[in-house]
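Worth saying up front: this structure is predicted, and the values here are computed from it rather than measured. Per chain, numbering begins at 1; letters A, B, ... match sequence-line order.
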Amino acid sequence: MPELLEVEIYRRLADSVVGATVQGVAAHDHWYLKGTTSARLLQRELVGATVVGTHRIGKLLLLSFGERPVLGLRFGMTGRLIVRGTAAIDYLEYSSARDEPAWDRFVLRFADGTDLRMRDPRRLGGVELNPSTDHLGPDALTVTPSQLRMALLGAAAPLKACLLDQRRLAGVGNLLADETLWRAALDPARRGGSLTLAEHRRLHRHLRITLPELLDRGGSHMGDLHHARVRGGRCPRDGVELLRRTIGGRTTYSCPRHQH
DNA sequence: CTCGACTCCTGTTAGC
DNA sequence: TGCTAACAGGAGTCGA
């Protein structure tokens, strides 16, 4: 489940191809090309182009090529980034432990002999030229208190569903949502718009602490709650059995004792 | 407009 | 042992 932390790790790896010039594009999986993007278009726009920078908005990784179109990479839940045969992340929660070259859905080959590939067993990711970013909310790693307040203002949806909604806040996925709400002692089922000012502050503080901390530890699955996110798991803080529910369409674990 | 339900994808795993 | 069905979740669509 690449969430924004994994994608940020991918972005740092992708930074190592800045300055490289594209010699070839392998995009044989038509399903993986989104919007109006086609293999032919990718060839025409990217071959001969030089990578000048990398960016990340939420879970979307962007490669810029100067005057050429921007290349957007989405990793879905099982997509990994591999540069020069080296994966940014060896282990990916919910993905496969195996490494099958057949799962390479998209490859950029560079003139210097290096390459960048997206390896995605379940094909939930995708590649798109000039992807729209209009619908993305503020990035969760840098969100301000007022931006977070606006993201939840008047929301009737459950708090967790709001955090997962990329239009409200970009980058948070299922594991980060559970971890942050657990740390902030907030019930994921609460209406998003029901938070008090003090609770807004608490949520913001825990977001801004938790994300960099887990980035340091190596990913979304390194949270304090994570090992307890199994059926019958107990709250690492209180020792009581965690609630397992579906909220926002996702499996949700929370502590019935300290999350309100 | 908002929200929830549904759908897509396929490797892994629990259970018979 | 071998099979089936449930499960995982990011993201888009659709209908109430």
- Can a side chain N or O of A:Trp103 be found less than 4.0 Å away from OP1 or OP2 on B:dT10? no
Would you mind reading off the distance between [X] atom [atom1] and [N] atom [atom2], rounded to a whole angstrom?
| X | N | atom1 | atom2 | answer |
| --- | --- | --- | --- | --- |
| A:Asp29 | B:dT10 | CG | C1' | 12 Å |
| A:Glu100 | B:dT10 | CD | P | 14 Å |
| A:Asp120 | C:dA11 | CG | P | 12 Å |
| A:Tyr32 | B:dT10 | OH | C1' | 13 Å |
| A:Lys34 | B:dC8 | NZ | C1' | 9 Å |
| A:Trp31 | B:dC8 | CH2 | P | 9 Å |
| A:His135 | C:dG10 | NE2 | C1' | 11 Å |
| A:Asp134 | C:dG12 | CG | P | 12 Å |

- Message: Five pairs per end, C1' atoms only: what is the angle between the end axes of the helix from B:dT2-C:dA16 to B:dC16-C:dG2, to 10 degrees?
- Response: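 The angle separating the two end axes equals 50°.
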- Query: Below 4.0 angstrom, N of the basic side chain to O of the carboxylate: do A:Arg56 and A:Asp139 qualify?
  - Reply: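 Salt bridge present between A:Arg56 and A:Asp139.
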- Item | Salt-bridge criterion met for A:Asp120 and A:Arg105 (N-O under 4.0 Å) | no
- Looking at the side chain of A:Lys59, which of C:dG12, C:dG10, B:dT10 is the nearest nucleotide? C:dG10
Would you tabulate the pairs of protein nitrogen or oxygen atoms and nucleotide nitrogen or oxygen atoms of nucleotides 4-8 of chain C closer than 3.5 angstrom?
| residue | atom | partner | partner atom | Å |
| --- | --- | --- | --- | --- |
| C:dA8 | OP1 | A:Arg244 | NH2 | 2.7 |
| C:dA8 | OP1 | A:Thr251 | OG1 | 3.4 |
| C:dA8 | OP2 | A:Thr251 | OG1 | 3.1 |
| C:dA8 | N3 | A:Arg122 | NH1 | 2.7 |

To the nearest 0.5 angstrom, please state how far the [atom1] atom of [X] sits from the [atom2] atom of [Y].
| X | Y | atom1 | atom2 | result |
| --- | --- | --- | --- | --- |
| A:Leu73 | A:Arg11 | CG | CZ | 13.0 Å |
| A:Tyr253 | A:Arg245 | OH | CZ | 12.5 Å |
| A:Leu5 | A:Leu215 | CG | CG | 5.5 Å |
| A:Leu203 | A:Leu148 | CG | CG | 5.0 Å |
| A:Leu181 | A:Ile247 | CG | CD1 | 9.0 Å |

- Can you find an N or O donor on one side and an acceptor on the other, under 3.5 Å apart, linking the side chain of A:Arg250 with the base of C:dG10? yes
- Task: Run through A:His258, A:Arg257, A:Gln259 and flag the one making a side-chain hydrogen bond (donor to acceptor under 3.5 Å, both in side chains) with A:Asp238.
- Result: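 Looking at A:His258, A:Arg257, A:Gln259, the match for A:Asp238 under the side-chain hydrogen bond (donor to acceptor under 3.5 Å, both in side chains) is A:His258.
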- Would you check if the side chain of A:Glu3 reaches a backbone N or O of A:Leu175 as a donor-acceptor pair within less than 3.5 Å?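 Checking the backbone N and O of A:Leu175 against the side chain of A:Glu3, a donor-acceptor pair under 3.5 Å is found.
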- Message: As a test of understanding, state which of A:Met118, A:Arg119, A:Lys59 forms a side chain to side chain contact (heavy atoms under 4.5 Å, CB included) with A:Phe75.
- Response: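 When side chain to side chain contact (heavy atoms under 4.5 Å, CB included) is applied between A:Phe75 and each of A:Met118, A:Arg119, A:Lys59, only A:Met118 qualifies.
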- Item | Heavy-atom side-chain contact between A:Pro188 and A:Leu163 under 4.5 Å |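 With C-beta onward as the side chain, the pair stays apart.
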- Task: Check DNA chain B against residues 146-168 of chain A and give the residues with a non-hydrogen atom under 4.0 Å, in numerical order.
- Result: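 Those residues whose heavy atoms fall under 4.0 Å from DNA chain B, taken from residues 146-168 of chain A in numerical order, are A:Ala155, A:Ala156, A:Ala157, A:Pro158, A:Arg168.
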